[in-house]
Amino acid sequence: MISRIDLRGDALPKGGALRDLLPRAEFDVEAALEKVRPICEAVHHRGDAALIDYAEKFDGVVLDRVRVPAAALRRALEELDPAVRAALEESIRRARIVHREQRRDQHTTQVVPGGTVTEKWVPVQRVGLYAPGGRSVYPSSVIMNAVPAQEAGVESIALASPPQKEHGGLPHPTILAACALLGVDEVYAAGGAQAVAMFAYGTESCAPANMVTGPGNIWVAAAKRYFTGRIGIDTEAGPTEIAVLADDTADPAHIAADLISQAEHDPLAAAVLVTDSPDLAEAVEKELEPQVAATKHVEDRILPALRGKQSAIVLVDGLDEGLRVVDAYGAEHLEIQTADATAVAQRVRNAGAIFVGPWAPVSLGDYCAGSNHVLPTGGCACHSSGLSVQSFLRGIHIVDYTRDALAEVAHHVVTLAEAEDLPAHGAAIKARFEWKVPPR
């Protein structure tokens with residue numbers, strides 16, 4: 001059901017060669033880029049009419065408008081299952097606790113007497129959030145995007161989610177209910193690349209945004225790449241990933257369940273176990289069989305994911321080697337199920353989020369840990385972070401120097417300007433002192 005990669009002994013290479021040996025899904029955003037280009041430009045030139053046409057072409061629905069009426073948001077919340085509402089409210093509450101603590105304060109540094117640099121943090125003015133609506137519907141993603149934007153102080157927040165034929169051309173009602181709970185009242189029935197283009201260019205009904213965040217399929221990722229530079233993005237999200245670093249103290253039933261939990265997202269989802277215990281590897285393989293048979297989405301998602309080349313059990317000689325492997329892999333979600341898991345987690349350098357011990361599974365982080373589940377994929381955790389309040393803030397330096405403070409350093413500025421053959425830079429300093437640089 002799942003392949004093995006044996007990296008024991010001399011099979012464990014050093015440097016970049018290790019990353020190339022590890023399993024990874026194929027996710028060719030560059031190839032998709034050319035396919036989304038005409039879609040994006042159609043929205044640019046035709047606005048809402050293009051969005052309506054694409055809703056019919058891709059989603060099978062005929063819309064008379066793209067923006068969701070306020071009454072539909074209220075109705076979705078009124079009709080929401082009380083248990084689901086309670087769970088969403090708790091998820092929102094915990095996410096607010098964590099994200100509120102992330103807000104940075106303005107800070108002033110005195111460099112010299114009379115010379116200060118202040119860093120102030122300013123939220124982007126308007127963001128467009130994307131909530132998927134394909135194989136699965138993710139109201140949790142609405143929370144994970146909206147809460148950090150709100151806590152950052154973003155004043156204008158809009159959300160797009162694909163129209164659903166079975167719901168009269170509206171996004172899924174649970175998505176709408178989550179928006180209502182969060183106070184996000186500007187919602188659009190638009191999906192895929194066309195939704196990203198709507199936020200990037202603006203249309204008759206939707207003002208352009210400064211930034212677009214949220215997970216999506218390859219077409220959403222390609223559209224984000226297409227508009228990079230015009231708008232800010234969080235990440236080009238690829239298929240979801242779980243890696244588990246485990247030793248012989250781990251429970252194979254837990255590990256099997258956690259691997260399956262991510263495999264049910266998508267046939268390209270990656271499930272990777274890294275262990276120095278052949279006995280644990282064998283036990284996990286045995287556990288997978290009955291657990292897969294007992295769940296849903298087996299043939300269309302879970303089995304293709306577990307059997308795909310993006311999933312594997314990786315055998316290593318010991319914990320140190322296992323840490324090298326998981327750092328080279330840079331998983332979106334990394335579970336540590338070892339002895340002294342807390343200490344081991346501190347040694348990890350590359351992961352989107354780390355889940356420590358047997359009682360912190362990835363599923364907890366997906367919904368109710370308080371952490372954010374919009375995380376870097378495809379190995380991008382080696383250079384990128386998950387979504388947070390900081391994602392929606394811009395640091396701006398305010399430089400404030402008196403005449404004496406400038407005079408004290410003027411000769412250095414002029415020297416460096418001349419060294420770079422930029423004499424006008426030096427002249428801008430000299431002009432303030434009647435063209436004479438103060439004595440050193």
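Defined by atom type and a distance below 3.5 Å, a donor-acceptor pair is present between the side-chain atoms of E332 and T240.
With ring centers used as reference points, W121 lies 6.0 Å or more from H107. Close placement of the Y138 and H265 rings is indicated, their centers lying within 6.0 Å of each other.
The pair E78-R75 fails the salt-bridge criterion, with no side-chain N (NZ, NE, NH1 or NH2) lying under 4.0 Å from an Asp/Glu carboxylate O. Between E89 and R85 a salt bridge is recorded (basic side-chain N to carboxylate O distance below 4.0 Å). Of the charged side-chain nitrogens involved, at least one lies within less than 4.0 Å of a carboxylate oxygen, so that D234 and K224 count as a salt-bridged pair. Checked for salt-bridge contact, R104 and E119 miss the test: no charged N lies under 4.0 Å from a carboxylate O. Ion pairing of R8 with D276 is absent here, as no side-chain N (NZ or NE/NH1/NH2) approaches a carboxylate O to less than 4.0 Å.
No side-chain heavy atom of V66 sits under 4.5 Å from any side-chain heavy atom of T203. The side-chain heavy atoms of S161 and H172, taken from C-beta on, include no pair separated by under 4.5 Å. Contact of the H333 side chain with the S261 side chain is not registered, since no non-hydrogen atoms from C-beta on lie closer than 4.5 Å. Residues E285 and M1 are not in side-chain contact: their nearest non-hydrogen atoms beyond the backbone lie 4.5 Å or more apart. Residues L7 and L18 meet the side-chain proximity criterion, which asks for heavy atoms closer than 4.5 Å.
Taking OG1 of T116 as the reference point, atom CD of Q110 lies at 7.5 Å (rounded to 0.5 Å). The distance from atom CG of L181 to atom CG of L73, rounded to the nearest 0.5 Å, is 10.5 Å. If you take CD on Q125 and CZ on F392, they are separated by 15.0 Å, rounding to the nearest 0.5 Å. We find the CD1-OG distance between I175 and S140 to be 8.0 Å, quoted to the nearest 0.5 Å.
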task = Could you please spell out the steps behind the side chain to side chain contact (heavy atoms under 4.5 Å, CB included) verdict for D48 and R65?
result = CA-CA 8 Å; D48 286 349; R65 60 178 174 178; over 6 Å; no
task = Assess whether side chain to side chain contact (heavy atoms under 4.5 Å, CB included) is satisfied between V272 and E241, documenting all intermediate values.
result = CA-CA 8 Å; V272 176; E241 304 160 345; over 6 Å; no
ask   = Is there a salt bridge (Lys or Arg N to Asp or Glu O under 4.0 Å) between R324 and E321 once you walk through the steps?
value = CA-CA 5 Å; R324 282 179 55 195; E321 290 78 9; 5.8 Å; no
query = Does the salt bridge (Lys or Arg N to Asp or Glu O under 4.0 Å) test come out yes or no for R96 and E151, once each step is laid out?
reply = CA-CA 7 Å; R96 288 208 188 282; E151 295 301 326; 2.9 Å; yes
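Between the side chain of E204 and the main chain of G47, no donor-acceptor pair closer than 3.5 Å is present. A donor-acceptor contact shorter than 3.5 Å is absent between the side chain of R67 and the backbone of S205. Checked by atom type and distance alone, the side chain of E335 pairs as donor or acceptor with a backbone atom of V362 at under 3.5 Å. With hydrogens and angles disregarded, no donor-acceptor distance shorter than 3.5 Å links the side chain of T235 to the backbone of P376.
Seen from the ring of Y201, R230 does not count as a face-on cation partner, given the 6.0 Å and 45° thresholds.
Partners of Y401 under the ring pair (Phe, Tyr, Trp, His ring centres under 6.0 Å) rule, at least two apart in sequence or in another chain, do not exist in this structure.
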